[in-house]
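This chain uses plain numbering: 1 for the first residue, then up along the sequence.
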Amino acid sequence: MAEQKHGDLNGRRSYRSMGRRSSDCGLCWLCCSLLKLIISIAITVGAVIFAIWLVFRPNEIKVHVDNATLSRFTLTANSTLLYNLTLAMTVRNPNRRIAIYYDYVEAQAFYSGERFGLTTVPPFYQGHKTSSQLSPEFHGKQPALTSVNATFTREKGEGSFYVDVNLYTKIRLKVWIFKIHGLKPEIRCNVKLPAPAPARKNTTTIKFETTKCDVDLF
Ligand SMILES: *[C@@H]1O[C@H](CO)[C@@H](O)[C@H](O)[C@H]1NC(C)=O
Ligand SMILES: *[C@@H]1O[C@H](CO)[C@@H](O)[C@H](O)[C@H]1NC(C)=O
Ligand SMILES: *[C@@H]1O[C@H](CO)[C@@H](O)[C@H](O)[C@H]1NC(C)=O
Ligand SMILES: *[C@@H]1O[C@H](CO)[C@@H](O)[C@H](O)[C@H]1NC(C)=O
Ligand SMILES: *[C@@H]1O[C@H](CO)[C@@H](O)[C@H](O)[C@H]1NC(C)=O
């Protein structure tokens with residue numbers, strides 16, 4: 001009994017002395033453990049994000065213009081551009097675990113920096129590792145294009161026109177049971193289009209060459 005009491009007293013005494021020692025530098029002990037906590041949280045969060053990235057490994061969508069036909073492209077005396085342009089495009093989702101909802105797709109056509117055509121593509125869904133065919137068409141006339149005259153005259157002489165076709169999209173990603181909203185990738189294609197047949201002096205048919213497009217995710 002006495003021994004136990006003694007031991008108890010010893011224990012309490014040693015505890016008290018320990019407490020006194022730590023209170024000498026209580027602030028730096030607190031700082032130190034807070035820092036350790038923050039660092040370990042940061043490492044854990046980083047590891048979780050890296051693991052998620054490894055599992056889902058997001059890859060950018062791949063877009064090509066496979067074929068394009070410019071059946072009419074003329075600049076009238078009053079600077080009105082008359083155009084008929086049909087494109088055949090492929091959009092590929094290379095991801096194994098990410099599906100994509102294309103909720104809105106708008107195609108715009110530009111010539112020498114001036115927009116001349118606008119059309120929309122119906123919304124579509126794209127599963128894992130699948131491709132979709134899109135065929136935006138532009139028909140009509142765009143007035144007041146005086147600024148394109150020089151480029152038009154030169155490219156008509158060369159036998160082909162360079163047209164930019166951009167797709168402005170609103171998409172959702174579906175990853176397992178989660179959906180990610182609010183992404184608006186922009187797709188930019190610079191296509192070299194053989195001039196409509198009558199405009200060409202050379203009767204040899206110029207074939208359209210498959211063109212890869214740039215994709216900006218943000
Ligand atoms: C591209 O379209 C034109 C006109 O529709 C067609 O004649 C041609 O065969 C197509 N080319 C390819 C590679 O599909
Ligand atoms: C261009 O499109 C317009 C309207 O769709 C059509 O009337 C015209 O025949 C087309 N012209 C050519 C050369 O394809
Ligand atoms: C320009 O010419 C086209 C065809 O010749 C015509 O359809 C259009 O109305 C004209 N535009 C203006 C602003 O005069
Ligand atoms: C375009 O420029 C040429 C000379 O560079 C001129 O003859 C022609 O009238 C111009 N066309 C238009 C629509 O301004
Ligand atoms: C027409 O174009 C082709 C290919 O660009 C070329 O090989 C050929 O010599 C040209 N013919 C003429 C008559 O200019």
Side-chain angles (χ1 to χ4, degrees), residues 52-73 81-140 142 145 148 151-152 155 158-176 178-196 205-218:
I52 290 173
W53 179 83
L54 272 186
V55 168
F56 295 106
R57 200 85 60 100
N59 281 305
E60 231 165 41
I61 51 177
K62 305 264 189 299
V63 185
H64 288 92
V65 179
D66 304 311
N67 200 0
T69 309
L70 194 62
S71 58
R72 182 169 65 159
F73 205 66
L81 183 71
L82 308 174
Y83 58 90
N84 286 15
L85 168 61
T86 308
L87 299 145
M89 304 176 75
T90 304
V91 179
R92 176 154 182 82
N93 172 16
N95 293 291
R96 268 191 298 154
R97 293 184 177 85
I98 301 173
I100 307 172
Y101 294 89
Y102 292 82
D103 292 322
Y104 182 72
V105 181
E106 184 179 280
Q108 295 188 12
F110 298 83
Y111 183 62
S112 187
E114 299 284 340
R115 189 175 79 188
F116 65 89
L118 187 154
T119 185
T120 55
V121 173
F124 61 99
Y125 168 81
Q126 201 169 46
H128 312 144
K129 284 199 169 286
T130 56
S131 296
S132 310
Q133 311 299 323
L134 306 184
S135 28
E137 292 188 14
F138 303 92
H139 300 284
Q142 178 65 41
L145 284 185
V148 309
T151 312
F152 183 87
E155 294 189 346
E158 291 167 0
S160 47
F161 297 103
Y162 287 89
V163 170
D164 289 306
V165 176
N166 297 347
L167 302 183
Y168 302 94
T169 69
K170 287 192 184 121
I171 67 169
R172 271 174 299 150
L173 303 182
K174 191 176 153 222
V175 184
W176 189 34
F178 304 105
K179 290 215 179 113
I180 300 164
H181 294 251
L183 296 171
K184 294 178 180 173
E186 290 184 9
I187 295 155
R188 294 167 198 285
C189 316
N190 181 249
V191 288
K192 183 186 179 186
L193 300 159
T205 323
I206 302 169
K207 274 172 94 181
F208 179 81
E209 282 164 35
T210 299
T211 308
K212 191 178 184 298
C213 303
D214 292 328
V215 179
D216 297 332
L217 192 49
F218 301 107

Start with the C-alpha gap between Q133 and T90, add the side-chain angles, then the distance that decides, and say whether side-chain hydrogen bond (donor to acceptor under 3.5 Å, both in side chains) holds. CA-CA 5 Å; Q133 311 299 323; T90 304; 3.2 Å; yes

Any [X] side-chain heavy atom under 4.5 Å of [Y] side chain:
X    : Y    : result
Y104 : V121 : no
V165 : V65  : no
F110 : N166 : yes
D103 : P123 : no

Side chain of [X], backbone of [Y]: donor and acceptor closer than 3.5 Å?
X    : Y    : answer
Q126 : V91  : yes
Y101 : L173 : no
N95  : H128 : no

Taking atom [atom1] of [X] and atom [atom2] of [Y], what is their separation to the nearest 0.5 Å?
X    : Y    : atom1 : atom2 : value
K184 : D216 : NZ    : CG    : 14.5 Å
T69  : N84  : OG1   : CG    : 10.5 Å
R115 : Q142 : CZ    : CD    : 8.0 Å
I180 : I98  : CD1   : CD1   : 7.0 Å

Check against side-chain contact (heavy atoms from CB on, under 4.5 Å), R92 and K129: CA-CA 7 Å; R92 176 154 182 82; K129 284 199 169 286; 4.0 Å; yes

Minimum-distance pair of heavy atoms, taken over all atoms of [X] and [Y]:
X    : Y    : answer
T211 : N190 : CG2-O, 3.3 Å
A99  : Y125 : CB-OH, 3.3 Å
E60  : K62  : O-NZ, 3.4 Å
I187 : C213 : CG2-CB, 3.8 Å
F208 : N67  : CD2-CA, 3.5 Å
L70  : P196 : O-CG, 3.4 Å

Relative to the ring of F161, is the ring of F152 parallel (under 30°), tilted (30 to 60°) or perpendicular (over 60°)?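 Judged by the thresholds at 30° and 60°, the geometry between F152 and F161 is parallel.
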
Just do the ring-ring contact (aromatic ring centres under 6.0 Å, His included) check on F116 and Y83 with the steps written out, would you? CA-CA 9 Å; F116 65 89; Y83 58 90; 4.7 Å; yes

Taking side-chain contact (heavy atoms from CB on, under 4.5 Å) as the criterion, tell me which of R188, M89, Q108, E106 meets it with L167.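 Exactly one pass, corresponding to M89.
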
Knowing that exactly one of T130, L183, N93 qualifies, which makes a side-chain contact (heavy atoms from CB on, under 4.5 Å) with I100?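 Option passing the side-chain contact (heavy atoms from CB on, under 4.5 Å) with I100: N93.
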
Is there a side-chain contact (heavy atoms from CB on, under 4.5 Å) between I61 and Y102? Walk through the geometry before answering. CA-CA 12 Å; I61 51 177; Y102 292 82; 3.6 Å; yes

Output, in order, the C-alpha distance, side-chain angles, deciding distance and verdict of side-chain contact (heavy atoms from CB on, under 4.5 Å) for V105 and F124. CA-CA 9 Å; V105 181; F124 61 99; 4.1 Å; yes

I'd like to know if the side chain of T169 pairs up with that of E186 as donor and acceptor (distance under 3.5 Å, no hydrogens or angles considered).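 The criterion, which ignores hydrogens and geometry beyond distance, is not satisfied for E186 and T169.
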
Modelled atom types, side-chain donor and acceptor of Y162 and E155, under 3.5 Å: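 No.
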
Counting only heavy atoms not in E209, do more than 12 fall under 6.0 Å of its CD?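 At most 12 heavy atoms, drawn from other residues, nucleotides or ligands, come within 6.0 Å of this atom.
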
